[in-house]
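Notes for the one structure printed next.
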There are 2 protein chains.
Amino acid sequence: MSKIIPNISVDCVIFGFDFNKLNVLLVERKLEDEKSKETLIDDWTLIGYHIYEEEDTDSAAKRILKKLTGLDHIYLEQFEAFGEVYRINDPKDKLWLKYQSERFSERIVTIGYFSLINSTSVSLSLHERNVKWFPLNDLPELGFDHNKILNKGLERLRDKMRSEPIGFELLPGKFTISQLQRLYEEILGTKFDRRNFRKKVLQMKYVIPLDEKQKGVKHKPAQLFIFSREVYEKTKTERFDFSI
Amino acid sequence: MSKIIPNISVDCVIFGFDFNKLNVLLVERKLEDEKSKETLIDDWTLIGYHIYEEEDTDSAAKRILKKLTGLDHIYLEQFEAFGEVYRINDPKDKLWLKYQSERFSERIVTIGYFSLINSTSVSLSLHERNVKWFPLNDLPELGFDHNKILNKGLERLRDKMRSEPIGFELLPGKFTISQLQRLYEEILGTKFDRRNFRKKVLQMKYVIPLDEKQKGVKHKPAQLFIFSREVYEKTKTERFDFSI
DNA sequence: TTTGCAATGTGTAATATTTACGCATTAAAT
DNA sequence: ATTTAATGCGTAAATATTACACATTGCAAA
């Protein structure tokens with residue numbers, strides 16, 4: 001692969017949904033002094049990396065996701081570039097970058113991507129580093145300006161959820177209407193009336209009912225549905241709107 | 001000022017409204033062979049520039065606007081980073097960059113900003129270069145990937161117009177409801193019923209009627225209004241929506 | 001095997017919002 | 001004085017949203 005560009009990186013806000021909470025995937029950032037064994041850094045960050053000279057920024061984000069999940073076709077969208085001069089200012093952050101490479105002591109503009117993955121069906125690995133899902137309301141201390149990046153990504157996810165059917169990306173292929181409702185309630189921070197929500201979803205021709213029911217639940221099993229992007233693209237004119 | 005970063009730039013899609021059409025501001029790109037006087041390049045581009053090492057990307061965009069208009073507080077918003085490896089590929093574009101500086105032969109990631117200005121009250125100048133307003137439906141040939149950038153900027157303007165009251169930035173401080181309507185119709189590409197549009201606008205507490213009427217028109221002069229961002233921020237909860 | 005539990009699944013009336021549309025008013029130009 | 005080309009106002013019809021109650025299903029516990 002070609003050379004790394006030292007002052008441009010991408011960072012991914014990877015969202016997952018466990019049928020209850022919206023989670024973000026973070027990677028542990030640990031550094032200890034080689035002699036004294038003193039812990040110099042111990043916190044978490046978004047998953048990101050510098051881009052290569054012969055690599056689109058989109059491709060860099062895809063590369064990171066692929067390395068992490070082994071999967072190729074993950075929902076990915078750029079949401080904002082972070083270009084403040086002093087976005088990396090904390091000595092910890094500078095130390096970490098220096099430890100990675102002397103070349104990273106320059107100024108870095110990073111491009112934020114958010115990604116939606118169906119966390120129930122994915123196994124994760126990132127070399128020797130520890131990656132973990134964190135619910136949004138219980139985040140650890142984050143390095144760099146990743147709190148800001150994460151929140152901007154979340155904001156964009158919320159906005160986009162209201163106008164396009166991207167929520168399905170967070171669910172398995174087959175899902176129930178209640179699962180979809182919980183997802184929307186969790187992300188948008190609202191409550192919907194169960195019956196009205198169902199009515200709305202049933203109107204969407206691209207949410208297709210299956211002749212199949214939920215299994216292994218201890219109550220009346222719900223009908224399963226699939227989302228069809230193909231049908232959605234054909235019937236796009238209907239304004240999609242999950243707002244209150 | 002500090003050194004230029006050769007592989008990061010900003011480009012501004014500057015919109016203006018002349019009470020009839022939505023226009024974009026472009027700068028002429030002309031280059032002729034010094035000996036033969038042959039025209040090597042003659043087209044137009046968005047207004048952009050590389051960023052400096054000690055400059056936020058936002059500040060770089062502001063710097064460009066200031067140089068162009070002399071004004072400080074212009075509506076400005078980042079909309080997308082363009083990070084394809086081969087976004088600059090045309091020999092003309094490479095020639096132009098080389099002519100600007102040998103250092104610009106590297107790969108460049110550019111960050112797109114869109115800006116809204118009240119074109120009726122601004123005088124423009126950009127050193128020795130020719131700048132001009134073009135209506136969106138009659139654009140000249142654009143250099144680089146600026147057609148793509150322009151269209152993405154426009155898309156973002158449209159999206160944002162539907163959810164936030166940014167259209168006012170394109171009008172003079174005092175405006176009539178019909179002017180506002182024409183603006184929205186032009187940008188969103190829709191027609192609104194005059195009476196219903198008026199009703200909707202009058203509900204917005206942040207569109208404040210003045211005891212003042214239009215002058216110099218050859219029909220019944222309309223009442224003038226001002227937009228108050230302050231009132232808007234206070235009453236934000238009401239969902240703003242100009243959709244059909 | 002019966003009963004309780006915890007969900008799913010359906011319908012309808014009340015309310016709010018959006019759309020469609022008609023006519024009087026005003027200032028300038030003829 | 002009359003015409004012109006807009007502004008300004010109100011109301012009815014259509015549509016969309018919200019609120020709400022009860023029957024159904026499959027499993028688990030009694």
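Chain A is the first sequence line, chain B the second, and so forth, proteins listed ahead of strands; every chain is numbered from 1. We use all heavy atoms of the structure for the numbers below, so side chains are in, but hydrogens, waters and symmetry mates are not.
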side-chain contact (heavy atoms from CB on, under 4.5 Å) partner of B/Val27, chosen from B/Asn130, B/Leu46, B/Leu68, B/Thr45: B/Thr45

Touch class at under 4.0 angstrom, heavy-atom based, for A/Thr176 against every strand present: nothing

B/Thr57 side chain to B/Tyr113 side chain, donor-acceptor N/O pair below 3.5 angstrom: yes

Without decimals, in angstroms, what is the distance between [X] [atom1] and [N] [atom2]?
X	N	atom1	atom2	result
A/Ile177	C/dA7	CD1	C1'	14 Å
A/Leu224	D/dG26	CG	P	14 Å
B/Phe192	C/dT19	CZ	P	9 Å
B/Gln223	C/dA27	CD	C1'	16 Å
A/Lys200	D/dT15	NZ	C1'	14 Å

Are any protein N/O atoms closer than 3.5 Å to N/O atoms in nucleotides 10-13 of chain C? If there are, list each pair with its distance.
unit_1: C/dT10; atom_1: OP2; unit_2: A/Arg198; atom_2: NH1; d: 3.2
unit_1: C/dT12; atom_1: O4; unit_2: A/Lys199; atom_2: NZ; d: 2.9

Check ion pair [X]-[Y] (N to O, under 4.0 angstrom):
X	Y	result
B/Arg182	B/Glu186	no
A/Arg29	A/Asp42	no
A/Glu80	A/Lys148	no
A/Lys160	A/Glu155	no

Main-chain N/O of A/Glu28 paired with A/Arg129 side-chain donor or acceptor, under 3.5 Å: yes

Backbone N/O of B/Leu76 and side chain of B/Ser115: donor-acceptor pair under 3.5 Å: no

Contact state string [nucleotides 1-6 of chain C, B base, S sugar-phosphate only, - no protein heavy atom under 4.0 Å]: -----B

Residue whose closest nucleotide on DNA chain D lies nearer the 5' end, B/Gln214 versus A/Pro221: B/Gln214

Near-ring test A/Phe175/A/Phe168, centroid separation under 6.0 angstrom: yes

D/dG26 OP1/OP2 closer than 4.0 Å to side-chain N/O of A/Lys213: yes

